[in-house]
Amino acid sequence: MENEQSSKLDKWRGQYGALVIAFTCLIVLINGWGNNWVLTGVLGLGVFVCGTIGFFDLKRGIYNKSK
C-alpha cells in the first residue's frame, strides 16, 4: 500500500512538477516586478524554461497514455 502511494506521487511529480515550479516563478515574478531587475530576469527565464519543460512533459505523458 505504501509503495502504491509513493508511486502515484512520483508519477504526479514527474508530470506536473515543472509546471508547478513555472507557476510559482510567475507569481513571484509578478510580485517582485521592477524591484530588482536581476531577480526579475532570472525569474522570467525560469518561467520560460520550466514552462517549456513542463509543457513537453505533459505532452509526452498524454502521448504515452494514449498508446
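This one's a predicted model, so the numbers in the text were calculated from it and none came from an experiment.
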Inset, instruction - May I have the step-by-step check of side-chain contact (heavy atoms from CB on, under 4.5 Å) for K59 and I62, ending in yes or no? - result: CA-CA 5 Å; K59 186 176 174 182; I62 291 171; 6.0 Å; no
Mind jotting down which residue pairs meet the salt bridge (charged side-chain N to carboxylate O under 4.0 Å, His left out) criterion with at least one end in [range]? Sequence neighbours excluded, please.
range	answer
residues 37-54	none
residues 46-57	D57-R60
residues 15-24	none

Legend entry - From L58 atom CG to I53 atom CD1, the distance as rounded to the nearest 0.5 Å: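 Reported to 0.5 Å precision, the distance equals 13.5 Å.
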Legend entry - Straight-line distance of L26 CG to I21 CD1, nearest 0.5 Å: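 Between atom CG of L26 and atom CD1 of I21 there are 13.5 Å.
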Donor-acceptor contacts under 3.5 Å from residues 32-44 side chains, at least two apart:
residue: N36; atom: OD1; partner: V38; partner atom: N; Å: 3.2
residue: T40; atom: OG1; partner: N36; partner atom: O; Å: 2.9

Legend entry - ring-ring contact (aromatic ring centres under 6.0 Å, His included) partners of F23, counting only residues at least two apart: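 None.
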Legend entry - Pairs meeting criterion ring-ring contact (aromatic ring centres under 6.0 Å, His included) with involvement of residues 45-67, two or more places apart: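 For residues 45-67, and leaving out neighbouring residues, there are no ring-ring contact (aromatic ring centres under 6.0 Å, His included) pairs at all.
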